[in-house]
Amino acid sequence: MLDEKILTILRNNRQIYVSSDELCKVVDISRAAIWKHIEKLRAEGYDIEAAPHLGYRLVAAPDSLIPSEIKHGLKAGILGREIISYKKVDSTNTVAYSLAEKGMKEGAVVLADEQTAGKGRHGRAWTSPPKSGIYLSCILRPGIAPNEIAGITLMAAVAVAKSIRELSGLDALIKWPNDILISGKKVCGILTEIKAEQDGVEFVILGIGLNVNTKARHLPRGATSIREETDRKEDLSRVEFTKRILERLETEYMLMKNKGFGPVIEEWKALSAMLGTRVKVALPNRTVEGLAHDVDSSGALVVRLDSGVLEKVLSGDVEMVR
Ligand code: BT5
């Protein structure tokens, strides 16, 4: 709390030095205590200049996924009201799941700069190199039935695709059910896990992995990052992307709560990379091939087989066939 108070004062006075006396007065602690907090902020990556007789000045804030950066100016009321962040963790989804089991409230967000055991679906791995991507998990308690869970993944895909488009201008498109592509390459994956009870879903862990500044050589084949797809010379701000994703997620989540999945699915269709294309869907024991015809109100993919029959697929891996 005190760190954040001091930061706010420094942020509001970036052009000038703020004297220790003034900080002592406003925050109501000793000079020595102020110094300790400044040192702690520096250790988090804040570049704070200290000039003898003049005081302190904030030179630069770090592009780290830490609460003081993400909360600053965040326009969301629920998502991000509690933020837990790690420099390095096994998986943000695993941490969020155990926090939710202990009763952590809806809207809590777990963030990491690096994951050592990032998870994809079906036991696959999510490559999570340090300080270049966003690894984010939200706890949601949407009060839905287990068979409505696909809608949460689609909602998150819409929020992330919009955020990428707004902040980078790139044509991010969604591939059912949980990938976001730029120029046909995967830039983001979504992993939705639930704890189901007899009469519904107790909580949802919505996990998002987004390659922001990641170098292609650190990613699996067929993957890309936002930075790789733009012609910018400098890194993009992961803090800005994280904030925008939380804000867009909250908007889509509220829309879903007030109006059901219908409007979210309409938005999803407008951002879809694959409706109207030929697809092969790998199911556990067979493959379905045909035209990606539609996504229905529960988030299921409707495939038109060559026989003309429409088949609904609830989950699976999709390959777009040229
Ligand atoms: C996913 O699984 O796409 C879901 C990924 C979710 C990751 C987030 S990060 C925060 C949170 N905490 C976690 O532990 N997980 C979530 P799936 O559809 O199964 O895709 C996995 C496949 O994507 C892998 O087998 C690779 O082929 C590919 N892949 C792995 N890492 C990638 C990366 N960084 N970028 C793009 N593709 C990747």
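Atoms within a ligand are numbered from 1 in the order they appear, just like the ligands themselves.
Residue-level proximity to ligand 1 for Gln115 is carried by the side chain, the only part with a heavy atom below 4.0 angstrom. Residue contacts with ligand 1 for Asn211 involve side-chain atoms from C-beta outward but no N, CA, C or O (heavy atoms, distance under 4.0 Å). Contacts between Leu136 and ligand 1, counted as non-hydrogen atom pairs separated by less than 4.0 Å, involve the backbone only. Contacts of Leu219 with ligand 1, taken as heavy-atom pairs under 4.0 Å, involve the side chain alone.
Residues satisfying the side chain to side chain contact (heavy atoms under 4.5 Å, CB included) test with Lys269, not counting sequence neighbours, are Ile265, Glu266, Leu275, Asp294.
Distances from atom 24 (C) of ligand 1 to the heavy atoms of Ser128, Ala125, Ser225, Pro220 put Ala125 nearest.
Residue Ser91 has at least one nitrogen or oxygen atom sitting less than 3.5 Å from a nitrogen or oxygen atom of ligand 1, judged on distance alone. Considering both main-chain and side-chain atoms, Lys119 comes within under 3.5 Å of ligand 1 through a nitrogen or oxygen pair.
Annotation: atom 36 (C) of ligand 1 to nearest protein heavy atom, Ala223 CB, 3.3 Å. Of the protein's non-hydrogen atoms, Arg124 CD, 3.4 Å is the one closest to atom 25 (O) of ligand 1. Here the heavy atom of the protein found nearest to atom 5 (C) of ligand 1 is Trp126 CE3, 3.4 Å. Ranking the protein heavy atoms by distance from atom 10 (C) of ligand 1 puts Thr92 OG1, 3.2 Å first.
Of the charged side-chain nitrogens involved, at least one lies within less than 4.0 Å of a carboxylate oxygen, so that Arg31 and Asp21 count as a salt-bridged pair.
For Lys186, the closest heavy-atom approach to ligand 1 falls below 4.0 Å.
Residue-environment remark: NZ (Lys195) exceeds the threshold of 12 foreign heavy atoms within 6.0 Å.
Checking atom 18 (O) of ligand 1 against the protein gives a heavy-atom contact under 4.0 Å.
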